[in-house]
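See below for the structure under consideration.
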Amino acid sequence: MQSAASLAPTDRANQQPDPATGDMLATRPHLSMHAVSGLLLGDVPLNAIADTLGTPCWVTGADILRSRYRELTGAMAEAGLPVSVHYAVKANDHLAVLRVLGAEGAGADVVSGGELRRAVQAGIAPEAIVFSGVGKSEDELRLALALGVGQINVESAEEIVRLSSIAAGMDRIAHIALRVNPDIEAGAHDKISTGRLGDKFGIDHRDILALYAQAAGLPGLRPVGLAVHIGSQIDRAAPFRAAYRRLASLVDALRAAGGQVGTIDCGGGLGVRYRDENGLSPRALAGAIRAELGDLGVRFAIEPGRWLVAPAGLLLASVLTVKRQRDGAPFVVLDAAMNDLLRPSLYGAWHGILPLSAAVAAGPLSPAHVVGPVCETGDSFARDRMLPELRPGDRVAILDTGAYGAVMSSTYNARPLAAQALIDGGRWACIRARQPVEALWRDETVPDWLQRADLPPLQDRLR
Ligand code: LLP
């Protein structure tokens with residue numbers, strides 16, 4: 001199923017008209033359009049960053065990260081819930097993003113040894129890290145135990161046995177939560193729904209009692225509670241409540257059987273506004289947790305990714321060419337592509353597009369297809385989007401790309417990874433240099449029987 005509006009194809013019939021420039025700015029107070037400097041994030045003209053770093057280029061606003069984090073923790077505190085926030089590193093794993101959120105007090109939710117190392121490298125204490133994921137290698141589990149991560153969320157009977165033997169062999173005690181598959185339809189896009197029995201995630205809720213008891217009897221393990229994560233970009237409280245209700249009855253049953261349950265990891269999944277969705281407020285999430293789990297006397301963890309970082313990021317791009325068709329809207333070809341921002345191609349996701357120039361933005365609107373230069377029809381950011389006239393050299397910002405943006409980039413079509421900048425207060429810095437093209441083949445080797453001694457170095461041929 002494909003119900004979430006943000007993920008629906010942009011050319012879907014019967015949809016509301018795309019929000020106008022003014023509406024997009026009004027719903028994103030961190031953005032403003034200055035008559036001379038053009039689009040600003042906070043006080044910083046985005047053109048200044050593009051002039052220095054070139055395009056495509058990702059920009060992240062540190063102040064937005066902080067204010068989102070504070071809104072989230074404030075909502076939990078207001079509801080009287082003892083909650084620790086474990087930022088889902090997968091949404092945006094840049095060290096500077098982790099540093100900003102870590103300094104605010106965030107722990108981390110990681111799903112690989114790489115993310116675990118990144119989080120620790122950025123200064124997040126291992127005890128504040130939850131290691132999730134449906135498949136963890138022995139090396140990854142050893143790393144987690146050696147660093148002393150706070151909690152490992154296990155997802156299968158097999159993993160419980162394997163982790164027990166690794167932990168016991170290392171003379172460590174792994175604090176584990178069993179990730180429950182509650183069999184709930186989250187109403188999110190099919191590709192990012194994770195809590196139905198047909199999905200690969202979690203342990204069938206009907207097997208939890210037996211496995212919890214088994215884990216409690218195994219060396220090297222201490223079951224501390226349950227975890228659940230039913231999907232992403234969820235904009236209704238009802239699926240969260242249904243999942244949490246399932247967990248509450250499991251906690252009752254576990255306790256009745258003599259089990260100790262001290263913590264519940266309520267997962268991530270809070271939706272944001274990309275187009276005209278409502279998203280889900282942290283207050284609504286806090287309400288769902290309190291209503292269904294608030295009387296259990298447990299500590300809570302949450303693992304939000306998208307909600308914290310999506311609105312904090314932009315992708316800047318320049319128009320390479322405008323290809324006018326005999327029929328239909330023109331193709332505005334950007335220098336950014338699906339290898340940079342995959343969400344529109346992969347999920348049909350809608351992202352706002354704003355010109356960086358106030359003069360361009362003020363022009364009359366007409367439909368355009370906004371695409372990248374990659375050789376796939378799916379390399380498209382928008383179809384029939386109402387936009388002011390864009391000419392070669394004009395720049396645009398693709399909005400709300402702070403989550404699942406740069407992290408999902410590839411170098412397809414031998415396109416190096418884009419530069420990244422961080423805006424913090426009135427200043428900004430480059431936080432990732434554009435990848436040099438040579439880096440694309442630096443780790444490749446040509447076997448010696450295929451070597452050619454007669455090839456001059458590439459740079460000599462460019463003279
Ligand atoms: N915890 C676990 C176990 C997860 O698998 C995820 C996301 C999160 C937390 C964070 O969920 P969030 O709060 O960000 O919704 N690439 C997709 C989203 C994939 C989400 C995967 N898991 C997209 O671009 O929409």
Side-chain angles (χ1 to χ4, degrees), residues 2 4-8 65 68-69 72 84-93 97 101 106-112 115-116 119 129-136 151-155 177-182 186-196 199-203 226-236 239-240 243 264-275 277 279-282 284-285 300-313 315 338 340-351 398 400-410:
Q2 197 160 317
S6 63
L7 299 166
L65 299 175
R68 304 286 284 185
Y69 186 81
L72 182 68
S84 56
V85 178
H86 301 270
Y87 165 62
V89 169
K90 63 171 78 68
N92 186 328
D93 66 8
V97 169
L101 290 172
D109 167 72
V110 302
V111 292
S112 68
E115 285 191 354
L116 175 52
I129 296 178
V130 173
F131 191 8
S132 304
V134 70
K136 308 180 192 77
Q151 182 174 305
I152 300 178
N153 290 351
V154 295
E155 298 221 13
L178 271 60
R179 175 166 172 186
V180 179
N181 183 320
H189 188 283
D190 189 50
K191 287 186 178 154
I192 53 175
S193 289
T194 55
R196 305 160 298 191
D199 299 328
K200 67 180 173 180
F201 298 99
I203 296 168
L226 300 177
V228 71
H229 173 77
I230 56 173
S232 195
Q233 183 58 9
I234 302 168
D235 59 5
R236 292 179 311 125
F240 285 104
I264 295 186
D265 181 340
C266 297
L270 279 181
V272 299
R273 168 176 298 213
Y274 287 105
R275 188 173 186 277
E277 315 84 320
L280 195 72
S281 69
L285 180 68
F300 297 103
I302 50 174
E303 305 169 349
R306 185 192 313 269
W307 194 89
L308 287 171
V309 295
L315 174 59
M338 67 188 289
D340 301 298
L341 175 65
L342 183 61
R343 303 193 72 256
S345 303
L346 190 57
Y347 315 113
W350 192 100
H351 285 268
I398 306 182
D400 307 313
T401 52
Y404 307 111
V407 276
M408 290 175 73
S409 296
S410 75

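A quick note: this is a predicted structure, and the numbers were derived from the prediction, not measured. Ligands are counted one by one from 1 in listed order, and the atoms in each one are counted from 1 as well.
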Does His189 approach ligand 1 within less than 4.0 angstrom via side chain, backbone, both or neither, non-hydrogen atoms only? neither

Below 4.0 angstrom from a heavy atom of Glu303, which ligand 1 atoms are there? Numbered from 1 as shown, please. 1 (N), 2 (C), 3 (C), 8 (C), 9 (C), 10 (C), 13 (O)

side-chain contact (heavy atoms from CB on, under 4.5 Å) filter on Ala177, not counting sequence neighbours, yields Gln151, Asn153, Ala227

Does the residue Met408 have a heavy-atom contact with ligand 1, meaning some pair of atoms that are separated by less than 4.0 Å? yes

Report yes or no: does a heavy atom of Gly269 sit under 4.0 Å from some atom of ligand 1? yes

So, does Tyr347 sit close enough to ligand 1 that a heavy atom of it is under 4.0 Å from the ligand? yes

So is Lys191 in contact with ligand 1, going by heavy-atom distances below 4.0 Å? no

Here the atoms of ligand 1 under 4.0 Å from any heavy atom belonging to Arg179 are 3 (C)

Going by the atom numbers of ligand 1, which of them fall below 4.0 Å from some non-hydrogen atom of Asp109? 1 (N), 9 (C)

Look only at interatomic distance and state if Arg343 has a nitrogen or oxygen under 3.5 Å from any nitrogen or oxygen of ligand 1. yes

So which atom in Leu342 and which in Met408 form the shortest heavy-atom distance, rounded to 0.1 Å? CD2-CE, 4.1 Å

Side chain to side chain contact (heavy atoms under 4.5 Å, CB included) for Gln233 and Tyr347? Distances and angles first, verdict last. CA-CA 12 Å; Gln233 183 58 9; Tyr347 315 113; over 6 Å; no

Step by step, would you call Leu116 with Lys136 a side chain to side chain contact (heavy atoms under 4.5 Å, CB included)? CA-CA 12 Å; Leu116 175 52; Lys136 308 180 192 77; over 6 Å; no

Determine, using heavy atoms of Pro304 and all atoms of ligand 1, whether some pair is separated by less than 4.0 Å. yes

Between Leu308 and Leu65, is the side chain to side chain contact (heavy atoms under 4.5 Å, CB included) condition met? List the steps. CA-CA 6 Å; Leu308 287 171; Leu65 299 175; 5.6 Å; no

Let me see the working for Arg273 and Asp235 under salt bridge (charged side-chain N to carboxylate O under 4.0 Å, His left out), right down to the final yes or no. CA-CA 9 Å; Arg273 168 176 298 213; Asp235 59 5; over 6 Å; no

In short, Asn181 meets Asp199 closest at the heavy-atom pair ND2-O, 4.0 Å

So is Gly305 polar-close to ligand 1, meaning N/O to N/O under 3.5 Å? yes

Check step by step if side chain to side chain contact (heavy atoms under 4.5 Å, CB included) holds for Val97 and Tyr87. CA-CA 10 Å; Val97 169; Tyr87 165 62; 4.1 Å; yes

If you compare all heavy atoms of Glu303 against all heavy atoms of Ala88, which two are closest, and at what distance to 0.1 Å? O-CB, 3.7 Å

What atoms of ligand 1 come within less than 4.0 Å of a heavy atom belonging to Ala88? 8 (C), 9 (C), 10 (C)

Structural part of Arg306 in contact with ligand 1, heavy atom criterion under 4.0 angstrom: both

